[in-house]
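Note sheet for the following structure.
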Amino acid sequence: MTLNSEVLNIRKLHRPKKEPLDKPAASWFGKDNIRGDIIDTLTIIFRTSGCYWGKQGGCTMCGYVYDSAFEIPTDEDILKQLDFAMSRADKKERIMVKIFTSGSFLDKSEISEYARNEILNRLYENEKVSYVLAETRPEFVTYEKALKCAEIMKDKPFEFAYGLETSNDFVRKNSINKGFSFEVFKRACKCAKKAGLYNKAYLLLKPPFLSEREAIEDMKKTIDDICEHNLAETVSMNLCNVQNKTFVEKMWERNEFRPPWLWSAVEILKYAKQKYPDLYIMSDPVGAGAKRGPRNCKECSFDVADMIRDFSITQDVKVLDRVNCDCKKTWEVVKSLDDFTFGSPIID
Ligand code: SF4
Ligand SMILES: [Zn+2]
């Protein structure tokens with residue numbers, strides 16, 4: 001029995017739904033701070049054949065794999081998905097477009113080379129698009145592919161985003177089952193930089209089997225490693241939530257997993273911004289306050305989540321002192337005790 005076989009057993013019980021192939025899985029507007037420029041962002045989740053890694057098991061916390069298409073979309077379908085999502089931006093003057101596939105933009109089994117280049121061409125030609133980001137697993141990045149993207153985007157800033165999760169290979173393998181090493185991530189970042197592109201790292205706070213304290217230490221060390229090697233300009237910290245039909249959900253149902261405390265995120269954001277003022281570090285605490293989401297107590301969870309979102313936009317560390325609550329004392333106790341339970345909740 002391996003971690004991957006456990007994840008795969010869960011995957012096998014579920015099939016992607018029959019959804020139209022010419023509409024994206026989802027698209028929505030948000031706000032982002034792009035290296036100092038605060039801008040509306042349009043996130044598009046393309047419906048593709050899906051993440052190759054997720055199809056053979058994949059990451060312990062990932063429910064995105066169920067967004068994949070029930071049959072392989074054509075290039076025309078993919079481009080219609082783009083047009084459909086972009087039509088939502090008609091009334092916007094200036095946007096950033098974030099491309100996600102619940103997999104890899106650079107994996108040609110998900111998005112062909114033709115469709116990839118055409119997506120970028122259309123976004124380059126569209127004057128209201130100021131920045132573009134595309135998520136990919138790092139093993140798909142080569143200097144040639146990065147250069148091709150840079151050639152199409154010319155002076156329009158373009159960045160690759162990677163779900164690195166942690167710089168610790170042991171944790172990435174044994175808690176997350178991510179299937180690539182820190183070296184592979186480093187190589188991808190270097191190729192992108194050499195081609196004139198930016199890099200963004202998505203990190204995961206509190207994967208399974210880590211205590212609250214270990215998770216905080218893992219995240220701080222990861223940020224140190226990224227900054228010391230000068231790999232990414234932006235870091236986005238995802239606070240592990242419990243997604244449907246995942247290994248993490250199985251653990252959570254058995255009371256073996258609790259999502260992280262929001263105070264842990266606050267501690268890390270303060271640490272990172274004070275130590276690396278030039279790093280853009282952000283977090284959107286998805287599902288904050290809910291049973292399946294990151295949370296403090298009932299009284300402060302929503303306010304602390306809003307505080308984290310405001311910090312993400314302003315990058316002003318003073319914002320992180322705006323909310324306080326008595327439950328901070330409980331969180332301090334949890335940090336000192338749940339090492340003994342390997343992250344299983346000692347208190348809800
Ligand atoms: S987290 Fe990303 S790499 Fe992992 S299975 Fe999900 S889509 Fe694939
Ligand atoms: Zn509280």
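Counting starts at 1 for both ligands and their atoms, in listed order.
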Would you say the side-chain atoms of D37 and Y131 include a donor-acceptor pair closer than 3.5 Å? yes
Identify, for atom 2 (Fe) of ligand 1, the protein heavy atom at the shortest distance, and state residue, atom and that distance. K178 NZ, 4.0 Å
Sorted by chain and number, protein N/O/S atoms nearer to atom 8 (Fe) of ligand 1 than 2.8 Å are C51 SG
Taking the ring centre of each residue, are F182 and F180 less than 6.0 Å apart? no
Decide if the gap between the ring center of Y162 and the ring center of F140 is smaller than 6.0 angstrom. no
Tell me whether D338 contacts the main-chain N or O of E212 through its side chain, where contact means a donor paired with an acceptor under 3.5 Å. yes
Applying the side chain to side chain contact (heavy atoms under 4.5 Å, CB included) test to I308, which of V319, L269, D303 qualifies? L269
For the residue pair Y66 and H14, does the interplanar ring angle fall in the parallel (under 30°), tilted (30 to 60°) or perpendicular (over 60°) class? perpendicular
